[in-house]
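Letters A, B, ... mirror the listed sequences (proteins, then strands); counts begin at 1. These figures come from a predicted structure and were not determined experimentally.
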Protein chains: 2
Amino acid sequence: MTTSASPGPDGIHAPSLVQLAADSLRSMILAGEYAPGERLAEERLTERLGISRPPLREAMRLLEGEGFIVTQPRKGSRVATLTDQDVHEILTLRSALERLAFELGVPVRDPALLEAPRRAVAEMEDCARREDRGGLVQAGYRFHLALVGIAAHRRLSESYAAIQRQQLLCMARNLVVREAYYEDLVQHAARHRLLLERVESGDRDAALAELAAHGEQSFASVALPAELYRSSFSGGAPSARGRAGQSNAPT
Amino acid sequence: MTTSASPGPDGIHAPSLVQLAADSLRSMILAGEYAPGERLAEERLTERLGISRPPLREAMRLLEGEGFIVTQPRKGSRVATLTDQDVHEILTLRSALERLAFELGVPVRDPALLEAPRRAVAEMEDCARREDRGGLVQAGYRFHLALVGIAAHRRLSESYAAIQRQQLLCMARNLVVREAYYEDLVQHAARHRLLLERVESGDRDAALAELAAHGEQSFASVALPAELYRSSFSGGAPSARGRAGQSNAPT
DNA sequence: ACTTCGACTACTGTCTACAATAAGCAACAC
DNA sequence: GTGTTGCTTATTGTAGACAGTAGTCGAAGT
């Protein structure tokens, strides 16, 4: 995942503790170290991250804006709890943004914009050959982000990256079944290659059609396991009794 | 504009200084008190707002996430400078989100969702009769936000509200010509009423078609004056020599 | 035994203070 | 006269501390 470390045009700087803390927290949440609904006490986090409270609080403001945590005024912060409605929202919005990117950018104006998705899909194929599931997923995310980049639309790309991160959060809640997704890794990469070719051809409608078909698969790999997870959850989870099924705060 | 004061379901709370500061800053920027590109020194703002630096910094993190200000790691924060590309991005994204809302929600499932836009359009007509231009604009924003709300899609509504605020920022940069927009206030309100009726009818395609026509008008009232502003700007503006035409930081 | 009132604990919200970095400016050398 | 170097100042980044509030546990009364 492209972390948001952005020191500027070219000048290199020690990234502020706020950025470091935000990246660390995001990683920890996505890694499942903090369960959805779990309380995030500031004091604990400061001693874990080795920083003071002000930068930590600013980092949490950032993550709040990204939808990873929810904060209630005097009751502290919690890891966002994703309901089925949330998953639905994430998937539909992600899909719509991708479609918009195609509509805006599919007769690709600047050929240089195609470099990034080409590299990503090549990496996907490489991972598929090596049967590297984790790398394949990572490269897949980079591919989609790069594909949205063809619109040359900064706000669109940022919104897409944000919703993509939230989708990762969706998948963090069902880590157990993540490994079982792709029946055929090579075929998975091939679908992405086909999507890229449609884009390269410049035929907007064909690209959109392929994207729609592509989206079906994506839905299956996120929404479906969520169901599996929930049923296995009510069965007998060890701890982490976060109140699943509750809506997030209306921030 | 629906400020982001959200203490929760029903419990009332003294809003934190962070929220107060964020709202104040936003208002000041939108009112044009701080020109695009202008440096936002923390010390000055603390004594103006009467608060300390930590809550102010957190508020600025929020506004950074909303796209109102850009921050460079050790060089401070500035009011976001909007290029023509930025304006284009804002308008296309806003339009696309509105369209998505229609696609998801136009055969309106829950009739209660139509209450808010109905109230807003009634208020628009009232303002139009009284020739209250300011009120008409405000009600117009509420109308569009409420219209997006028919999708019952929290993330979509939030994204829309965010981009709508940025559009307000667009308009803040050409305050001079804002008054000359609507040739006919009653006709302006009537267009919105028509759009609402299309939505109420449940005919998705008709609603989308009307929305597209509606969008044309919206483009004209934001993008065009931006051009006017720029030409009058290079002519001879008094101060505020913010480097217009430069891209924002890639945060 | 159940309910209610009270104090306690832990946490968040905020402030003041210190350290470090960057920009501006002046003096010096070439 | 121009370029460079060093200092000065202002501003940001971070730390530690204090005050206020929410949740909880216990005890007393009904």
Test ring-ring contact (aromatic ring centres under 6.0 Å, His included) applied to His144(A) - qualifying residues, sequence neighbours left out: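 Residues passing ring-ring contact (aromatic ring centres under 6.0 Å, His included) with His144(A): His192(A), His214(A).
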Going by the rule salt bridge (charged side-chain N to carboxylate O under 4.0 Å, His left out), which residues pair with [X] if we only count those two or more places apart in sequence or in a different chain?
X	result
Glu98(A)	none
Glu42(A)	Arg53(A), Arg57(A)
Glu123(B)	Arg142(B)

Footprint string (nucleotides 10-18 of chain D, 5' to 3'): B base within contact, S backbone only, - free, heavy atoms under 4.0 Å: -SBBBBBB-
Pairing residues for Ala146(B) by the side-chain contact (heavy atoms from CB on, under 4.5 Å) criterion, not counting sequence neighbours: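 For Ala146(B) the side-chain contact (heavy atoms from CB on, under 4.5 Å) partners, ignoring immediate neighbours, are Ala116(B), Pro117(B).
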